[in-house]
Amino acid sequence: MAMENSYNFRRVSQELTTSGVVGEERLRGLAAEAYAVLVNLLPDDSDHAVPGEQAIVEEQGLRYVHIPVDFARPAIEDYDRFATVLDQAHGQKTHLHCAANYRVSAFYALYAESAGLWDRAQADAFIEDLWQPAAHPGWPELLAAVRQRDLGA
């Protein structure tokens, strides 16, 4: 099964894709799809976590990064680590995932906006195509804090 069949899959560019749950079968096919990096924002105790995900990814020679983001309490430190990882992955085919592409869409939209790749409208549209952060405690505050710090907005 191709990564593009993952839950809430989005292709940002030829080098970057995002999604919710991917499952073990798709993880095993990452190298065949020429991915080099997988970033997982899903905590290990999630019902959607894939047991042994790191080993599955690393056995294929890919870089695996796990940043377990508590959906109820997203932290700016988690976003900062995410941004650093994306900076390091530049030029490498990368897939970002969590449970429903909510954490990932918010973090990536902030990253793209902070890096000048997208304007505010594009960033908000990317997120709101999937979910409404305003309906989830902690997310409006995180979005505002990163934008204030990185963009003075």
Side-chain angles (χ1 to χ4, degrees), residues 1-90 92-114 117-118 122-146:
M1 282 188 156
M3 191 57 70
E4 67 187 18
N5 295 321
S6 298
Y7 183 69
N8 279 340
F9 178 88
R10 299 294 185 271
R11 181 173 303 284
V12 176
S13 69
Q14 289 297 81
E15 291 182 349
L16 185 75
T17 57
T18 71
S19 75
V21 175
V22 293
E24 183 175 345
E25 187 176 340
R26 287 186 192 94
L27 287 172
R28 292 197 182 282
L30 287 168
E33 292 189 56
Y35 282 95
V37 180
L38 179 94
V39 180
N40 174 12
L41 301 188
L42 191 59
D44 285 331
D45 62 358
S46 168
D47 292 342
H48 303 290
V50 175
E53 180 168 333
Q54 181 173 355
I56 293 168
V57 172
E58 290 179 345
E59 285 169 357
Q60 298 171 74
L62 281 68
R63 179 174 178 216
Y64 177 82
V65 179
H66 187 213
I67 306 169
V69 177
D70 181 343
F71 190 78
R73 290 185 294 283
I76 200 164
E77 295 81 12
D78 294 332
Y79 167 77
D80 289 342
R81 184 164 172 228
F82 174 87
T84 298
V85 168
L86 282 190
D87 286 344
Q88 294 168 348
H90 183 73
Q92 299 177 301
K93 190 171 179 184
T94 301
H95 185 73
L96 315 171
H97 88 89
C98 55
N101 205 353
Y102 291 4
R103 295 168 180 91
V104 166
S105 64
F107 276 26
Y108 184 75
L110 287 170
Y111 177 83
E113 188 178 352
S114 294
L117 304 172
W118 290 349
Q122 289 171 302
D124 287 344
F126 185 72
I127 297 168
E128 293 169 4
D129 182 48
L130 293 163
W131 67 298
Q132 299 298 314
H136 301 276
W139 288 96
E141 294 82 2
L142 176 74
L143 291 166
V146 171

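The basis for the numbers below is simple: all heavy atoms, side chains too, and nothing from hydrogens, waters or symmetry mates.
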**OP:** Starting from the C-alpha separation in whole Å, work towards a yes-or-no answer on side-chain contact (heavy atoms from CB on, under 4.5 Å) for Glu53 and Leu38.
**Re:** CA-CA 10 Å; Glu53 180 168 333; Leu38 179 94; 3.2 Å; yes
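- Taking the six-membered ring where tryptophan is involved, the planes of His95 and Tyr35 are perpendicular, since the angle between them exceeds 60° and thus also 30°.
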Subject >> Thr18 vs Ser105, side-chain contact (heavy atoms from CB on, under 4.5 Å): CA-CA, chis, key distance, verdict >> reply: CA-CA 7 Å; Thr18 71; Ser105 64; 5.9 Å; no
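- Closest heavy-atom contact between Ala123 and Ala109: O-CB, 3.5 Å.
- Between atom CG of residue Asn40 and atom OG of residue Ser46 there is a gap of 9.0 Å, rounded to the nearest 0.5 Å.
- Of all non-hydrogen atoms in Ala134 and Pro140, the two that sit nearest each other are CA-CG, 3.6 Å.
- Inspection of the Gln92 and Arg63 side chains reveals no N or O donor paired with an N or O acceptor under 3.5 Å.
- Annotation: the span from His97 atom NE2 to Thr17 atom OG1 amounts to 10.5 Å, rounded to 0.5 Å.
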**OP:** Show your working on side-chain contact (heavy atoms from CB on, under 4.5 Å) between Arg26 and Asn5 and close with a plain yes or no.
**Re:** CA-CA 9 Å; Arg26 287 186 192 94; Asn5 295 321; 3.7 Å; yes
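- Looking only at distances, a side-chain donor or acceptor of Asn8 sits under 3.5 Å from a matching main-chain atom of Ala100.
- Ionic pairing of Asp129 and Arg10 is present here: one or more N-O contacts between side-chain nitrogen and carboxylate oxygen are shorter than 4.0 angstrom.
- The line from CG of Asp78 to CG of Asp70 is 8.5 Å long, rounded to the nearest 0.5 Å.
- Counting all heavy atoms, side chain and backbone alike, Arg11 lies closest to Gln14 at CD-OE1, 3.9 Å.
- Of all the heavy atoms in Leu41 and Arg103, the pair that sits closest is O-CD, 3.5 Å.
- The distance from atom CD1 of Ile56 to atom CD of Glu24, rounded to the nearest 0.5 Å, is 4.0 Å.
- Test Phe107, Trp139, Tyr111 against Tyr79 for ring pair (Phe, Tyr, Trp, His ring centres under 6.0 Å) and you get one pass: Phe107.
- Glu113 places no side-chain N or O within donor-acceptor distance of the main-chain N or O of Leu110, the cut-off being under 3.5 Å.
- More than 12 heavy atoms of other residues, nucleotides or ligands sit less than 6.0 Å from atom CD of Glu58.
- Within the 3.5 Å criterion, the main-chain N or O of Ala31 finds a donor-acceptor partner in the side chain of Gln60.
- Note: Tyr108 and Phe126 have perpendicular aromatic rings, judged against thresholds of 30 and 60 degrees for the angle between ring planes.
- Here the shortest heavy-atom pairing between Asp44 and Ala49 reads O-CB, 3.5 Å.
- Using a 4.0 Å cut-off between charged nitrogen and carboxylate oxygen, Glu77 and Arg81 do not count as a salt-bridge pair.
- Annotation: Asp87, atom CG; neighbour count of heavy atoms from other residues, nucleotides and ligands within 6.0 Å is above 12.
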Original post:
What's the verdict on side-chain hydrogen bond (donor to acceptor under 3.5 Å, both in side chains) for Asn101 and Tyr7, showing C-alpha distance, side-chain angles and the deciding distance?
Top reply: CA-CA 8 Å; Asn101 205 353; Tyr7 183 69; over 6 Å; no
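- Side-chain atoms of Cys98 and Val69, non-hydrogen and from C-beta on, never get closer than 4.5 Å to each other.
- No donor-acceptor pair closer than 3.5 Å links the side chain of Ser6 to the backbone N or O of Phe9.
- In this structure, Lys93 and Glu33 approach most closely via the heavy-atom pair NZ-O, 2.7 Å.
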Subject >> side-chain contact (heavy atoms from CB on, under 4.5 Å) between Val12 and Leu96, intermediate numbers included >> reply: CA-CA 11 Å; Val12 176; Leu96 315 171; over 6 Å; no
